[in-house]
Structures are given as C-alpha cells and as structure tokens.
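Worth knowing before you read on, the calculation uses all heavy atoms, side chains too, and leaves out hydrogens, waters and symmetry mates. Indexing begins at 1, ligand by ligand and atom by atom, following the structure's order. Start at 1 with the first residue, then count along the sequence.
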Amino acid sequence: MTHPDVVIVGAGITGCATALAMADAGASVEVIEGYRPAAMASGWTLAGVRQSGRDPAELALARAAVEIWQTLDARLGAPTGYRQGGNLRLARTEAEAGIIRALVTSQSKAGLAMELLDGQAARQIAPALSEGILLASWCPSDGHADPVATVEGFRRAAERSGVRFRTGLKVTAVTTVKTRAGTQFVSLATAEGPIAAGRCLLAAGVQTNALLDGLGLRIPITLPMVSVFQTVPLPMCLGPVIGVANADLAVRQQIDGRFRFTGGAEHTGAQLDLSGEEPAVHPQAASLARTVSLVSGVLPMMSQAPIARIWGGLLDLTPDALPVLDRAPGIDGLFVAAGFSGHGFGIGPAVGQAMATLVLDGVPDIPLDAFAFERFADPGGTKVPAALTLHG
Ligand SMILES: Cc1cc2nc3c(=O)[nH]c(=O)nc-3n(C[C@H](O)[C@H](O)[C@H](O)COP(=O)(O)OP(=O)(O)OC[C@H]3O[C@@H](n4cnc5c(N)ncnc54)[C@H](O)[C@@H]3O)c2cc1C
C-alpha cells in the first residue's frame with residue numbers, strides 16, 4: 001500500500017492552505033479532519049486580514065499574505081469574499097490615544113503605510129462611528145474575507161491538485177519509532193486504523209497539544225474565550241475592519257451586509273464542548289453583555305441591530321502571542337503550525353506557503369526563526385505577552 005508523502009491533521013485555513021501549496025509543489029498529501037473544514041477557529045473567527053498591529057516578527061508573513069490575498073480568488077477558482085477595505089484602530093480615551101500614536105510611529109518605521117487620523121477623519125471613512133472616538137490609526141491595505149468560503153476554496157483547489165481529505169475522522173495519537181538517529185514519525189492513530197506517511201504536519205489549532213502530549217511535547221498555550229455576534233444583513237455602511245487600542249473589540253461588515261463583532265479575549269474558563277456534532281464554545285452571558293456594550297460605544301447603531309447568531313471561540317494564545325511554525329523538537333518528520341494567538345486567519349495563505357516549503361525540505365522565503373518551538377524551553381527567554389494581542 002502506498003502512503004502519502006505528507007499527512008496533515010486539521011482542515012482549518014492552516015492545514016488547507018498548506019495542503020494546496022504542497023500539492024502544487026508535487027507532494028502527495030492527505031488531510032485528516034475530525035469534523036469538517038473550518039469547524040473550529042477558522043469558522044469562529046472575525047476574519048480580519050491585517051498587517052497593522054502585528055508583532056514585527058509577524059509583519060513579513062502578514063505582508064506576504066496580503067500579496068497572496070489580492071489574487072487568491074483567481075488562484076482558488078472560488079470567491080473568498082476578500083475586500084481590501086482597510087483597518088481603523090480607534091482610541092476611545094486619552095490613554096488609548098497614546099497607544100494608537102505609538103502604534104502608528106512604530107509601524108510606519110517598520111515600513112507599513114499607516115496614518116494617524118483625528119476622530120473627524122476617521123468618521124469620514126466610517127460615518128457610523130461614534131462622535132466620541134478621539135483618533136484612529138488607518139491602514140488602507142488591510143481588509144477582511146469570508147472565512148468558511150476561503151477554507152472551502154482552499155480545500156476544493158487542493159482536491160483538484162490531488163489532495164485527499166478525510167473528514168469526520170479524529171486522530172487519537174501520533175505514533176513514532178526509535179531509530180539509531182533518534183525518533184521518527186510513523187503514523188497517526190484513528191478509528192479507521194493507522195495512517196502512515198513520510199511526514200506529518202499538526203495544524204490542529206487549540207487541540208494541537210492533545211496530540212503533542214503523548215510525545216512528551218507541549219506548546220505553552222492558554223485558551224481564552226472570545227464572544228462573537230453576527231447580525232442579520234443590514235444596509236452596507238462599513239468598509240474597514242474596526243479595532244480598538246486595547247483589543248477588547250473588533251467589528252466588520254461582511255459583504256452580505258451582516259455585521260460580525262467580537263469582544264476581547266477573556267480567561268473565563270470556557271471549555272471546548274465536543275459532546276455534539278459540531279465543536280462548540282459557550283460564551284457566558286456577562287461576556288455577551290460586555291461585548292454589546294463595547295460595540296454600541298463605538299458604533300451606536302449596533303445597539304438596535306437584530307442579532308442572527310451568537311457563538312464563542314477559543315484562541316490558542318502563546319506567551320509571546322506568536323505561533324509555532326517549526327519541526328517538532330526531537331521527532332524527525334513531525335512538524336507543527338499552531339499557537340496563532342487569535343491572528344492566524346489573515347496570514348494563513350502565507351503560512352501555508354512557508355510550511356509547505358519547510359516540510360518538503362526547502363528553505364522558506366520568509367525566515368521562521370521567531371516561530372521556533374523551542375523558544376519557550378527557556379522561561380527566561382520567553383517574551384512578555386505582546387501589548388496588542390489582537391484577534392481582529
Ligand atoms: C473569535 C476569533 C476571532 C478571530 N479573529 C481573527 C481575525 O480577525 N484575523 C485573524 O487573522 N485571525 C483571527 N482569529 C484567529 C484565526 O481564526 C485562527 O488563528 C486561525 O483560524 C487558525 O487556523 P488553523 O487552521 O490553524 O486552526 P483551526 O481553524 O482551529 O483548525 C484546526 C482543525 O483541526 C481539527 N482537529 C483538531 N484536532 C484534531 C484531531 N485530533 N483529529 C482531526 N482533526 C483535528 C479541528 O477540527 C479544526 O478543524 C480569530 C480567532 C477567533 C477564535
């Protein structure tokens with residue numbers, strides 16, 4: 001029986017984008033997904049495609065991703081809903097104004113085209129904004145997309161390129177063998193028997209540690225919860241994604257007119273509920289109330305908006321709010337792309353390209369040193385969480 005060159009666990013944007021890039025590079029690939037594509041973070045997401053507010057270490061990936069997003073519909077042969085409507089990050093108080101000014105200064109120095117706008121100029125871009133907004137950063141090259149359509153687009157394009165998707169199949173363990181050279185990846189354990197492959201990429205989002213645990217490995221992630229609301233379709237009136245200086249709110253209007261808004265990352269103890277057909281996270285009532293109050297503060301019209309759906313999402317938050325994009329330490333043939341800390345959607349297409357190159361023994365165009373697995377091995381070397389741990 002022939003085995004694929006690579007098996008990927010997880011059909012979120014990371015797994016699907018990597019699968020397509022690998023297939024296009026000539027590899028045979030299987031993707032194993034416990035539910036369906038975009039069943040977790042890639043479906044829960046706000047789906048902002050943002051370079052502004054990124055850690056400098058992530059900026060190159062974010063910029064490369066925006067390049068890819070420009071032509072992604074054509075590449076996938078499917079609409080992703082991508083719109084380059086810009087990103088406004090708002091200051092609601094004098095203290096937040098200081099944060100926004102510093103953000104514009106530092107990111108402009110890093111080469112990102114950003115502007116500082118007073119409240120009136122921000123309202124010219126987004127007339128629905130509250131009169132109380134003091135100022136805003138403006139990054140016109142940021143944008144947003146439809147997350148489920150994007151992941152489906154990647155999946156279908158990958159299938160056309162020969163990738164096999166096995167959905168509704170959970171991986172229960174990663175099997176390795178000791179060799180003279182060390183430890184080698186062998187196969188994945190599933191209810192349908194072992195799936196052997198030359199190499200394996202774990203792109204299992206908030207569940208990645210459940211698979212690493214059995215190997216004595218762990219990414220030090222916490223799993224804060226975020227509340228998400230979606231309105232019914234409303235008349236189009238908001239082009240950019242709106243964020244705020246302290247990251248406790250993000251809102252955008254989808255191309256179908258629905259507003260989607262999220263609260264801040266909250267350590268409420270909310271768990272992933274895997275008892276039903278779909279994975280779910282249940283936001284607490286107090287978190288929902290906070291989010292409605294925050295969104296109404298910046299977009300007063302939202303207080304009257306008819307809500308169609310509410311859900312919760314978990315972030316895979318690392319100590320420095322940067323992902324792990326690396327080989328699994330000490331295990332030949334095993335790779336990890338996880339810990340995106342609430343901002344892995346926008347960079348997904350570039351991460352897919354970089355991980356495909358790494359797994360297939362190439363040297364990624366964008367250096368991945370900042371995303372090394374072992375940077376957390378030395379607690380003294382771990383950075384303090386980034387001040388702007390954004391999920392918008
Ligand atoms: C509320 C919220 C808002 C966000 N907003 C933004 C934003 O505006 N912009 C942005 O860039 N990012 C945002 N993010 C983050 C972004 O959505 C994620 O970083 C990104 O979607 C992660 O994609 P992924 O493919 O790595 O993981 P996921 O999409 O979580 O995919 C992992 C997949 O692995 C599968 N899986 C897990 N374990 C197993 C197993 N054992 N066997 C088989 N399958 C398994 C899961 O079912 C899942 O489908 C947000 C996240 C949340 C929760």
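Per-residue contacts place G12 under 4.0 angstrom from the following atoms of ligand 1 (heavy atoms of the residue considered): 25 (O), 29 (O), 31 (O). The V228 neighbourhood of ligand 1 comprises atoms 1 (C), with distances under 4.0 Å to a heavy atom of that residue. Atoms of ligand 1 lying under 4.0 Å from any heavy atom of Q207, numbered from 1 in the order shown and given with element: 37 (C), 38 (N). Set against the non-hydrogen atoms of G48, the atoms of ligand 1 under 4.0 Å away are 7 (C), 8 (O), 9 (N), 10 (C), 11 (O). Proximity to L314 (heavy-atom distance under 4.0 Å) selects the following atoms of ligand 1: 53 (C).
A salt bridge between R92 and D248 is present, with a side-chain N of the basic residue lying under 4.0 Å from a carboxylate O of the acidic one. Salt-bridge annotation for R166 and E192: present, with a side-chain N of the basic residue lying under 4.0 Å from a carboxylate O of the acidic one.
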Practice item. Before giving the answer on ring-ring contact (aromatic ring centres under 6.0 Å, His included), spell out for W69 and F345 the whole-Å C-alpha distance, their side-chain angles and the decisive distance to 0.1 Å. Key: CA-CA 11 Å; W69 278 104; F345 177 75; 5.5 Å; yes
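Donor-acceptor pairing under 3.5 Å is lacking for the side chains of Q107 and Q51. Residues T183 and T176 have side chains that never bring a donor and an acceptor to within less than 3.5 angstrom of each other.
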For residues 7-28, which side-chain donor-acceptor pairs fall under 3.5 Å, sequence neighbours excluded?
| from | atom 1 | to | atom 2 | distance (Å) |
| --- | --- | --- | --- | --- |
| T18 | OG1 | T14 | O | 2.6 |
| D24 | OD1 | S161 | OG | 3.1 |
| S28 | OG | D5 | N | 2.9 |
| S28 | OG | D5 | OD2 | 3.3 |

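Below 3.5 Å of separation, one finds an N or O of I13 facing an N or O of ligand 1. For ligand 1, none of its N or O atoms has an N or O atom of A11 under 3.5 Å away.
At a heavy-atom distance under 4.0 Å, no atom of V206 approaches ligand 1. If you look at V226 next to ligand 1, the close heavy atoms, those under 4.0 Å, all belong to the side chain.
Expressed to the nearest 0.5 Å, how far CZ of F259 lies from CZ of R252 amounts to 11.0 Å.
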